[in-house]
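Order of the sequence lines sets the chain letters (A, B, ...), proteins ahead of strands, with each chain counted from 1. Quick note: numbers below take in every heavy atom, side chains included, and nothing from hydrogens, waters or symmetry partners.
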There are 2 protein chains.
Amino acid sequence: MAKKDDFDLEDFLPYLLNQAAEESSMAFQRVYKGRYGMLRNEWRVLFHLGNYGQMTAKEIGTRARMHKTKISRAVSKLEKRRFLTRTKDDEDRRVEHLNLTATGQAAYRDLHSVAKTYDQKLSALFPVAEAKMLRNMLRRLSGIE
Amino acid sequence: MAKKDDFDLEDFLPYLLNQAAEESSMAFQRVYKGRYGMLRNEWRVLFHLGNYGQMTAKEIGTRARMHKTKISRAVSKLEKRRFLTRTKDDEDRRVEHLNLTATGQAAYRDLHSVAKTYDQKLSALFPVAEAKMLRNMLRRLSGIE
DNA sequence: ACTTAATAGTTGATTTTGTAACTAACAACC
DNA sequence: GGTTGTTAGTTACAAAATCAACTATTAAGT
């Protein structure tokens, strides 16, 4: 019996995106969780600081599109584990500048290298041009309103 | 100052996938939440039953890759709201067959049509061939182990 | 038949998230 | 300079996810 409708749940882009996102996050999650007991938000904050250097919580939130409470909690945990330090801005004392400690940087380098390898493995599923196109399409989809 | 490393966080596929998934889910979430007070898991169960007809919780879990506790709770809520009914299997009385009620089917049809329209809008961001390729790539990424 | 293992689904305790209200600091306006 | 508004970040409480333990039923091995 053929489907009476041509639009199948498994063609629904948000669904496909979710499945792919979840599946592809899993393997990597096991690494940062296993090695450093980190949660996803903590890893994201770590990665942003490692990648872009000193940032404020606000800046991370804007870039990563994370809500400020997520960042606040992630920063607290990372601070408790001595992965980062805070320093108040002199001119605007509401603002805190976040910096990775040596420990944090080591963790970042480690995870960065795992991520890079993993990304290459995923990308290798497709021809180079297609993998590049995929990234562009995903970026485009992220910018919808 | 150029980046010292060629691998940027914003190129990381799991990250891009998550952003795109989250962004594209949001608009649709507002609909099923607003119209029917549903959560994502409830919508997923509803959609599976609407799409494939009678199923067991186990079958839904396998197809949608949802954990059984999520399904159990989603099914309870949908049952409470009279969107579905359960019937015990005669041969194996552990198994419950789930079916949408008329109300459930109406909700499904409504949301299905919204999803279809929304999917077309998303797909229209790209040429037809590319949109098709995107789906294929996402399916491929979902099947990684 | 009887013990052990496996399976479908539920429940409860803990962790994590989400939402909203909050503090503290700055800015703008009059 | 005092009122009002805005912004950075935190905290408290409710909602939801996770993980392990649980019930009930079936299957398998002896």
Heavy-atom side-chain proximity of Asp110(A) to Arg35(A) below 4.5 angstrom: yes
Among dG18(C), dT25(D), dT11(C), the nucleotide that comes nearest once only the side chain of Thr69(B) is considered: dT11(C)
Asp92(B) side-chain proximity, nearest of dT25(D), dG18(C), dG9(C): dT25(D)
Whole-Å distance separating the NZ atom of Lys70(B) from the C1' atom of dT11(C): 17 Å
Nearest-Å distance for atom pair NZ/C1', residues Lys88(A) and dA8(D): 9 Å
Length of the CZ-C1' vector between Arg30(A) and dT18(D), whole Å: 15 Å
Residue met sooner reading DNA chain C from 5', once Arg93(A) and Leu39(A) are mapped to nucleotides: Leu39(A)
Whole-Å gap separating C1' (dG9(D)) and NE2 (His97(A)): 14 Å
Among dC19(D), dA24(D), dT10(C), the one nearest Ser72(B) by side-chain distance: dT10(C)
Of the listed nucleotides dA8(D), dA8(C), dC19(D), the one nearest the side chain of His67(B): dC19(D)
Length of the line joining Lys77(A):NZ and dT17(C):P, which is rounded to integer Å: 7 Å
Nearest-nucleotide pick for Ala57(A), side chain only, options being dA16(D), dA8(C), dG9(D): dG9(D)
Whole angstrom value for the distance that separates P of dT17(C) from CD1 of Ile71(A): 13 Å
Lys68(B) and Lys58(B): CA distance, side-chain angles, deciding distance, side chain to side chain contact (heavy atoms under 4.5 Å, CB included) verdict: CA-CA 7 Å; Lys68(B) 56 185 180 174; Lys58(B) 180 76 196 305; over 6 Å; no
Residue met sooner reading DNA chain D from 5', once Lys68(A) and Lys33(A) are mapped to nucleotides: Lys68(A)
Spacing of Arg94(A) atom CZ relative to dA25(C) atom C1', expressed in whole Å: 5 Å
Side-chain heavy-atom pair Leu134(B), Leu16(A) within 4.5 angstrom cut-off: no
Listed nucleotide nearest any side-chain atom of Arg73(B), set dA24(C), dA13(C), dA16(D): dA13(C)
Rounded distance (Å) that lies between atom C1' of dA24(C) and atom NZ of Lys58(A): 16 Å
Mutual orientation of the aromatic rings belonging to Phe28(A) and Tyr118(A) [parallel < 30°, tilted 30-60°, perpendicular > 60°]: parallel
Sugar-phosphate only, base, or nothing, as touched by Arg86(B) at under 4.0 Å among non-hydrogen atoms: sugar-phosphate
Sugar-phosphate, base or nothing in reach of Glu91(A), heavy atoms under 4.0 Å: sugar-phosphate
Side chain to side chain donor-acceptor pair (under 3.5 Å) assessment of Arg86(B) paired with Asn99(B): CA-CA 7 Å; Arg86(B) 323 185 191 217; Asn99(B) 284 285; over 6 Å; no
Selection from dG9(C), dA16(D), dA17(D) that lies nearest to any side-chain heavy atom of Asn41(B): dA17(D)
